[in-house]
Participant: 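Once you've had a glance at the structure underneath, I'll fire off some questions.
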Amino acid sequence: MKRLFPIFAILTAALLSYALYAALVGAPTEQTMGEVQRIFYYHVPSAWTAFLLFAINFLASIQYLVGMNPKATRVANWIAGAIAVATVLAAYLLPLPEGVRPSAVATSGIAVVGLYFLIQRFFPEQKVDVLAVTTAEVGVVFCTIVLITGPLWARPVWGIWWTWDVRLTSTLVLWLIYVSYIMLRRFSSSSQTPVLAAALAVFGALDVPLVYFSIWIFRTQHPQPVVGGGGSIDPRMLHTLLINWLAFMCFAILVCWSRYRLEVLTRDAEETAALEAMLEPRSLP
Amino acid sequence: MNFLYAAYAVTWIIHIVYLGTLLRRYTRLRDEMKRLNKTED
Amino acid sequence: MAAIPWPVTDQSPNPDIVGSAITVSGLVKQFGRFAALRGVTAEFAAGRFYAILGGNGAGKTTLLRILAGLIQPTRGSVSCFGKSPREMCEELGYMAHPSLLYDEMSGMENLRYFARLYGISDADRCQDAIRAVNLDPALPRPVGQYSQGMRQRMSLARAILHGPRVLLLDEPFSNVDVASATEMTGLLGKMRDAGRTIFVVTHQASLLEAVADEFVWMEAGQIARRSAPTLAGSIAAGSTKGRGAE
Amino acid sequence: MTPSTSSLAAVTLKKDLRLEWRSKDAINAMLFFALLVVVIFSFSFDPTAEESREIAGGLIWVAFLFAAVVALNQTWARELRNDVLDAYRVSPAPPNSLFLAKVLGNFIFVSVLELVMAPLFIVFYNLRALGPSYQLLLVGALGTWALVVNGTFFAAMSLRTRSREVMLPLLLFPISIPAILAMVQATRNILTGEASAQFWIVLLGAYDVVFTIACLLLFETILQAE
């Protein structure tokens, strides 16, 4: 495992440089937005990565909460299985919005549930909490990048830094929730911090659809100067985007890997320190 | 065009700063481990 | 204390609770960079009176709180009559260093409320519990204006109100005058005789020499020694330092 | 033998109200605080009729939010004195009774504050609803519940943190964003009478249902997480 890390790091570096070249030189220049559109190759992969990390955090948090009780674990596993079946059925039986393929819905449903079981299989007990810490923190880093590159793109293209657009605002709220998640972890004085944090993550996940929905309605009531959208994407652009996404995913895995090891070591050190502190001589009354 | 470079710069600055904090935490942890091992002997 | 009709005699010792009442194995409790317990393994028999003794930070209170189900151990397990402390909470009576009472309400009002938490809406049982600790149920004063000794006794009344099989008491005699303390130990001794298991965490071991069945000495988060209830060997225990706890 | 959740919640609520009545710790300070908030808002935002109608929804709810946070921070203060909360935690009483009692208590408390503040706003800002004004009551009740149910939960969560009083708004505000948006928009729509507030009321109701269920499911875990 340890030898794998540098190999993976070198591969990621190579992939990132190729992706950068593809983004800056390889991809064609967009007609209406010009060169600035190339921010897109950094902005969008970062956003997808951040959302994926937050999703993993949510699954890990649920896992942690139900993992405290074997009965709850069993119930949750059945529910997860039922959700997978329900998404597949819904994908093929219910009418879907224009342009959404049933296979896409079915695959994503199965993927999320599969991820849940993968986490359960490979991250038992306390490890799942380490995973939650890691993904939340790295997710916030990526989300911060999304929030900064977003306005840098919007300013030259739309003429404004910020608009209360659905995606922008939802991302901002998600960022706020996860910053408060990290704060809670830092300020907690409980020996059961993971439980508190996991509960907050579940609340955050419940909040996101409500945020998305409310802002969506809010925005349709207040038309904003959002331009563009629609139309098909140049295949070379799509290629560049996907390469960049792959590169950023690898980079995220690399960072998570380091963070994960750091957290494991910190906890070990804490335990050793705690036991050592007890051994210092003290006197009976 | 400036915006493009600004965006790229910001992205990497944030990543590097975060990696820097990770590195700092690592070194601090290593020091502590060393100290703990010493007291154990 | 003349007669203690309740809760000492209302319940004869349950025949199925012979043998060990509480078993703990490998208890470790870590609070961040501080470990309060580091591997406590012990068996405690039913119907006995244990005094848990030890210096500050020896882990006495943490052990008691784990037995009460208030905190979860980092590692290790607790079994109370074969169940977890949370499942047995109706059979546990817990008294902490703070009074666990509302200062603004009178003793009786407090007990009426806490009785409801155990599903008891019978005022007589509250009155009996207050009388058992030798206080007057009709006292209208709010608990905040009680003396420390009265407050501790009222707190004991709250802990024994529902007739628990196991009593967990943390420093019940701190700041209590000797007369009240002797009364309280007498009551506890009678409750033990009625088949209840009693744990008392205290600094004042001398008060319990007469009534306790066993002294449990804790040191540096472990049980250092279990001995007959006498202070004679305490100096030897005090000199056992740190790691030599096995 | 364990008492039912609702009857125990009623007993606990009665006990809380009685204690509050006896000590009047919080209510007097809170009422004065609420008054101050309204007066300062009136200075800060010029209350001329037409504009004020547009922004009043936001102003009122922001003021209520501040007052509510101060009230919510007091929720567990009484249970922490003498560690009374531990007495609850060792008992077989269902944790959700305690939660419901606290939520209802806070709901009453914050409603009283709002009832004091609302007329002041109406007077200072010369407000009059152009839309169906009975809906304001519904928005008020649902909005207050949204704040109070999550607020009580997060106040319990921040019991286990350092700098408790600061933690509560940090946890509560991000999660409350959709609810606040819904309250503000509904109030604005009703005051200006330009659009229907129906969607926002439904959203607020959905928010209340979702988070009430989530709180009831998770409160025991939080309460026992020491």
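To find a chain, count down the sequence lines: A is the first, B the second, and so on, and within it residues start at 1.
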Participant: Under 30°, 30 to 60°, or over 60°: which ring-plane class applies to W12(B) and F248(A), parallel, tilted or perpendicular?
Facilitator: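 Parallel.
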Participant: Could you tell me which of L262(A), V138(A), L20(A) has the largest number of non-hydrogen atom pairs under 4.5 Å with chain B?
Facilitator: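 If we count pairs closer than 4.5 Å to chain B, L262(A) comes out on top.
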Participant: For this output row, return yes or no: ring centroids of W153(A) and Y8(B) closer than 6.0 angstrom.
Facilitator: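 Not close enough - the centres of the two rings lie 6.0 Å or further apart.
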Participant: Using 0.5 Å steps for rounding, measure from the CG atom of L4(B) to the CG atom of L152(A).
Facilitator: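 Here the rounded value is 10.0 Å.
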Participant: Under a 3.5 Å distance rule, please check whether Y26(B) uses its side chain to pair with a backbone N or O of S258(A) as donor and acceptor.
Facilitator: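 Looks like yes, one N/O pair under 3.5 Å.
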Participant: What verdict does the side-chain contact (heavy atoms from CB on, under 4.5 Å) test give for V141(A) and V17(B), after you've listed the backbone C-alpha separation in whole Å, the side-chain angles of each residue and the deciding distance to 0.1 Å?
Facilitator: CA-CA 10 Å; V141(A) 171; V17(B) 166; over 6 Å; no
Participant: Test side-chain contact (heavy atoms from CB on, under 4.5 Å) on M33(B) and L265(A); report intermediate values, then the result.
Facilitator: CA-CA 9 Å; M33(B) 294 284 239; L265(A) 288 177; 4.2 Å; yes
Participant: Compare every heavy atom of A273(A) with every heavy atom of L36(B), then report the nearest pair and how far apart it is.
Facilitator: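 In this case the closest contact between L36(B) and A273(A) is CD2-CA, 3.8 Å.
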Participant: Go through the steps to decide whether R25(B) and R259(A) satisfy the test side-chain contact (heavy atoms from CB on, under 4.5 Å), and finish with yes or no.
Facilitator: CA-CA 10 Å; R25(B) 281 193 243 174; R259(A) 182 67 184 86; 3.3 Å; yes
Participant: Tell me the closest heavy-atom pair linking L29(B) and A269(A), and the distance in Å.
Facilitator: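 Result for this residue pair: CD1-CB, 3.8 Å.
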Participant: Check whether any side-chain heavy atom of R38(A) lies under 4.5 Å from a side-chain heavy atom of Y5(B), and answer yes or no.
Facilitator: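 Result no, sub-4.5 Å side-chain heavy-atom pair not found.
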Participant: Would the number of heavy atoms belonging to other residues, nucleotides or ligands and lying under 6.0 Å from OH of Y21(A) be above 12?
Facilitator: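 Atom OH in Y21(A) is not crowded, with 12 or fewer foreign heavy atoms closer than 6.0 Å.
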Participant: Using heavy-atom distances under 4.5 Å, tell me whether R155(A) contacts chain B through its side chain, its backbone, both, or neither.
Facilitator: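 Only the side chain of R155(A) comes within 4.5 Å of chain B.
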Participant: Considering only heavy atoms, which portion of I148(A) lies under 4.5 Å from any heavy atom of chain B: side chain, backbone, both, or neither?
Facilitator: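 When you check distances to chain B, only side chain atoms of I148(A) fall under 4.5 Å.
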Participant: Under a 4.5 Å heavy-atom cut-off, does chain B meet the side chain of L16(A), its backbone, both or neither?
Facilitator: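 L16(A) touches chain B through side-chain heavy atoms alone.
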Participant: Quick check on L22(B) against chain A: is it the side chain, the backbone, both or neither that has a heavy atom closer than 4.5 Å?
Facilitator: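 Contact with chain A is through both the backbone and side chain of L22(B).
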Participant: Nearest 0.5 Å, what's the CD1-CD1 distance between I145(A) and I14(B)?
Facilitator: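 Output value for this atom pair is 5.0 Å.
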Participant: Answer with side chain, backbone, both or neither: which region of V146(A) has an atom nearer than 4.5 Å to a non-hydrogen atom of chain B?
Facilitator: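 Neither part.
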